[in-house]
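Here's the structure, in structure tokens; my notes come after.
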Amino acid sequence: MSQEVRSMANPEKITKNSDGSLNVPDCPIIPFIEGDGIGPDIWRASQLVIEAAVKSQYGGTRKIDWLELPVGEKGYAQTGNYLPDEALKTIQDHIVAIKGPLTTPIGKGIRSLNVAIRQKLDLYACVRPVRYIETVPSPMKNPEKINMVVFRENTEDLYAGIEWASGTDEAEAVADFFKSKMGVALPPLSGIGVKPISPGNTKRLVASAITHALDNGFPSVTLMHKGNIMKFTEGAFATWGYEVAKERFGDQTITESQLYDQYDGNIPAGKVVIKDRIADMLFQQVLLRPDEYGVIATPNLNGDYISDALAAQVGGLGMAPGANIGDTCAVFEATHGTAPKYTGMDKVNPGSLILSGAMMLDYMGWKEAGKAVRDAIQAAIKALRVTYDLARQIDGAEEVKCSVFAEAIAQQMK
Ligand code: NAP
């Protein structure tokens with residue numbers, strides 16, 4: 001039997017080895033969630049491009065066997081549940097999955113399907129690479145200097161959802177507790193939110209950021225925090241970040257002071273510099289001196305802000321890829337929403353989901369295919385036949401449909 005026929009005959013699950021590395025068969029089964037709104041359009045486009053990349057790099061020896069999961073509006077129509085437990089279990093069983101955007105059902109008791117997926121699967125690292133694609137309009141003078149990856153903590157901080165509305169019994173009970181037990185008087189009728197940041201969750205996030213920097217040749221990991229003001233949460237994040245660097249990566253990391261005191265400012269081969277920056281200062285620095293930053297590790301709320309701001313520096317959310325990664329599984333996803341006004345119009349830019357697919361291929365170890373996707377998208381954009389969002393900003397560009405743009409990308413790999 002030829003290798004092509006053999007691999008296609010045997011779709012298999014990806015498994016994890018005891019050291020946490022992935023065991024990826026030639027024909028892995030990968031669950032996907034098409035998504036709501038523009039989801040079907042951008043998923044169709046992404047599937048076409050991902051398959052073209054795999055074919056271009058591995059001939060017929062590797063192929064993805066896609067498994068659709070009914071989640072979101074499709075899930076509700078088929079099962080009466082927006083996020084069926086079965087779908088979550090399937091993602092966990094298959095280790096790697098990809099998803100389009102999901103509508104947040106209003107008034108159905110669900111805060112956000114995306115947040116629910118991250119929390120239920122304990123996908124603690126939201127990973128957002130930010131890299132310039134030539135020709136894409138950018139507000140920066142030298143956008144090509146930007147090559148960063150944000151590791152945003154996904155499970156705690158003010159995003160944990162521990163909050164009580166102004167005037168409720170719960171808010172009043174918490175305010176009474178503060179007054180009677182802690183001697184702290186809150187302004188009357190305060191709404192109250194809690195900001196938990198823990199050593200365990202910080203350390204696993206920072207450890208994955210350092211691992212990413214080491215595996216991908218980034219020179220530094222910056223711990224972004226607001227510890228000058230919030231000492232026991234944001235400040236502790238930085239302290240625990242330095243601790244885990246020393247405890248788990250002592251031979252492979254140095255601090256900034258070691259860099260200048262012992263190495264004269266030159267990073268020794270194979271080492272990553274761990275530094276920290278106050279959040280507001282880092283927002284300035286990524287504009288003024290972006291080439292001094294590589295991987296950024298940060299608590300949830302800072303991470304939300306900085307990843308969208310950085311995406312704007314390289315041309316906006318329409319092209320920004322992302323992934324949510326935990327110890328047991330990883331879900332790659334478009335970073336924008338469902339853009340409901342464009343539903344079914346075959347109009348929007350599929351770039352975010354396509355580039356998330358490239359991240360997924362890298363994560364699976366199919367790095368040649370991941371690179372092929374990035375090169376092809378770059379070449380297609382340079383050819384100036386692009387979706388409306390880019391066409392309206394690039395002089396001389398022709399607007400094409402989402403599907404035509406995807407075909408042009410796939411064509412680059414033939
Ligand atoms: P959105 O869906 O991201 O859309 C906002 C605007 O961004 C669109 O009107 C469009 O701008 C632009 N845009 C988004 N995706 C684009 C693409 N692929 N190509 C080109 N332009 C794109 O944000 P929203 O309207 O605030 O949210 C709509 C729904 O999505 C909500 O239910 C929200 O909860 C959900 N959501 C889901 C996710 C997720 O699944 N990860 C993330 C965010 C929001 P123009 O109008 O300028 O053309």
Side-chain angles (χ1 to χ4, degrees), residues 32-49 69 71-76 82-83 87 91 97-121 123 125-128 133 136-137 150 152 154 159 161 300 303-305 307-308 311-312 314-325 330-357 359-360 377 380-381 385-394 397 399-406 409:
F32 70 94
I33 297 166
E34 186 181 58
D36 302 323
I38 56 172
D41 285 349
I42 60 171
W43 170 248
R44 220 174 292 119
S46 303
Q47 194 177 5
L48 179 88
V49 171
L69 302 180
V71 173
E73 283 160 11
K74 235 180 190 176
Y76 192 73
Y82 285 96
L83 183 55
I91 294 174
I98 185 164
K99 67 175 272 292
L102 292 168
T103 306
T104 297
I106 295 176
K108 300 258 169 57
I110 299 173
R111 229 164 129 235
S112 154
L113 287 180
N114 301 295
V115 173
I117 291 173
R118 288 170 204 166
Q119 287 179 346
K120 289 190 173 174
L121 295 174
L123 304 173
C126 176
V127 183
R128 297 267 295 267
I133 296 179
V136 173
V150 179
R152 163 187 172 194
N154 243 347
Y159 264 65
N300 210 334
D304 193 15
Y305 298 149
S307 42
D308 278 17
V314 295
L317 279 183
M319 299 287 289
N324 294 294
I325 302 179
V331 178
F332 295 79
E333 68 170 0
T335 52
H336 54 72
T338 57
K341 66 183 175 185
Y342 297 123
T343 301
M345 290 172 67
D346 191 18
K347 182 177 173 81
V348 297
N349 189 340
S352 172
L353 192 55
I354 290 175
L355 289 169
S356 303
M359 278 178 84
M360 180 184 82
I377 214 167
I381 290 174
R385 293 183 74 231
V386 290
T387 46
Y388 82 98
D389 54 317
L390 297 177
R392 69 187 170 188
Q393 299 180 73
I394 306 174
E399 178 180 332
V400 295
K401 286 182 176 297
C402 172
S403 57
V404 175
F405 183 50
I409 299 168

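Atoms within each ligand, like the ligands themselves, are counted from 1 in listed order.
- Distance check, rounded to the nearest 0.5 Å: CG of L83 to CD1 of I33 gives 7.5 Å.
- Below 3.5 Å of separation, one finds no N or O of I38 facing any N or O of ligand 1.
- Counting protein heavy atoms under 4.0 angstrom from atom 41 (N) of ligand 1 gives one or more.
- Between L102 and G72 the shortest heavy-atom distance is CD2-CA, 3.8 Å.
- Among the atoms of L102, some N or O lies under 3.5 angstrom from an N or O of ligand 1.
- With sequence neighbours excluded, the residues forming a salt bridge (charged side-chain N to carboxylate O under 4.0 Å, His left out) with K347 are E399, listed by chain and number.
- Heavy-atom minimum distance, A334 versus L353: N-CD1, 3.7 Å.
- Note: Y76 and Y82 have parallel aromatic rings, judged against thresholds of 30 and 60 degrees for the angle between ring planes.
- For the residue pair G37 and T343, the shortest heavy atom distance occurs at CA-OG1, 3.3 Å.
- With no hydrogens or angles considered, no side-chain donor-acceptor pair links T338 and D36 at under 3.5 Å.
- Atom numbering of ligand 1 starts at 1 in the shown order; those under 4.0 Å from a heavy atom of Y388 are 10 (C), 11 (O), 20 (C), 21 (N), 22 (C), 45 (P), 48 (O).
- Side chain of N154 to main chain of L123: a donor-acceptor pair is present (N/O by atom type, distance under 3.5 Å, no hydrogens or angles).
- To the nearest 0.5 angstrom, N324 atom CG is 9.5 Å from R128 atom CZ.
- Of the options I33, N349, T338, the smallest heavy-atom separation from atom 28 (C) of ligand 1 is shown by T338.
- Residue K341 has at least one heavy-atom neighbour below 4.0 Å for each of these atoms of ligand 1: 9 (O), 46 (O).
- Close contacts between ligand 1 and N114 involve ligand atoms 37 (C), 38 (C), 39 (C), 40 (O), 41 (N) [criterion: under 4.0 Å to a heavy atom].
- Within a 4.0 Å radius of atom 24 (P) of ligand 1, the protein contributes no non-hydrogen atoms.
- Residue contacts with ligand 1 do not include M319, since none of its heavy atoms lies under 4.0 Å from the ligand.
- When hydrogens are left out, the protein atom nearest atom 47 (O) of ligand 1 is R392 NH2, 3.0 Å; that is the closest non-hydrogen contact.
- Of the protein's non-hydrogen atoms, G337 CA, 3.4 Å is the one closest to atom 44 (C) of ligand 1.
- Atom 20 (C) of ligand 1 lies below 4.0 Å from at least one non-hydrogen atom of the protein.
- Checked against salt bridge (charged side-chain N to carboxylate O under 4.0 Å, His left out), D304 has the following partners two or more places apart in sequence or in another chain: R152.
- Distances shorter than 4.0 angstrom do not occur between any heavy atom of K347 and any atom of ligand 1.
- Using a non-hydrogen distance threshold of 4.0 Å, T103 registers as a contact of ligand 1.
- Residue P340 has no nitrogen or oxygen atom sitting less than 3.5 Å from a nitrogen or oxygen atom of ligand 1, judged on distance alone.
- Taken from CD1 in I377 to CD1 in I354, the straight-line distance is 4.5 Å, to the nearest 0.5 Å.
- Distances below 4.0 Å separate heavy atoms of D389 from the following atoms of ligand 1: 20 (C).
- In this structure, atom 8 (C) of ligand 1 lies nearest to the protein heavy atom A339 CB, 4.1 Å.
- Checked against a 3.5 angstrom limit, the closest N/O atoms of R118 and ligand 1 fall outside it.
- Atom CZ of F405 is separated from atom CG of L390 by 6.0 Å, given to the nearest 0.5 angstrom.
- Checking atom 38 (C) of ligand 1 against the protein gives a heavy-atom contact under 4.0 Å.
- In terms of polar-atom proximity, defined here as any N/O pair under 3.5 Å, Y342 does make such a contact with ligand 1.
- The option with the heavy atom closest to atom 32 (O) of ligand 1, from among L353, D36, T104, D41, is T104.
- Residue H336 places at least one N or O, backbone or side chain, under 3.5 Å from an N or O of ligand 1.
- Judged by distance alone, the side chain of S112 and the main-chain N or O of N114 form a donor-acceptor pair under 3.5 Å.
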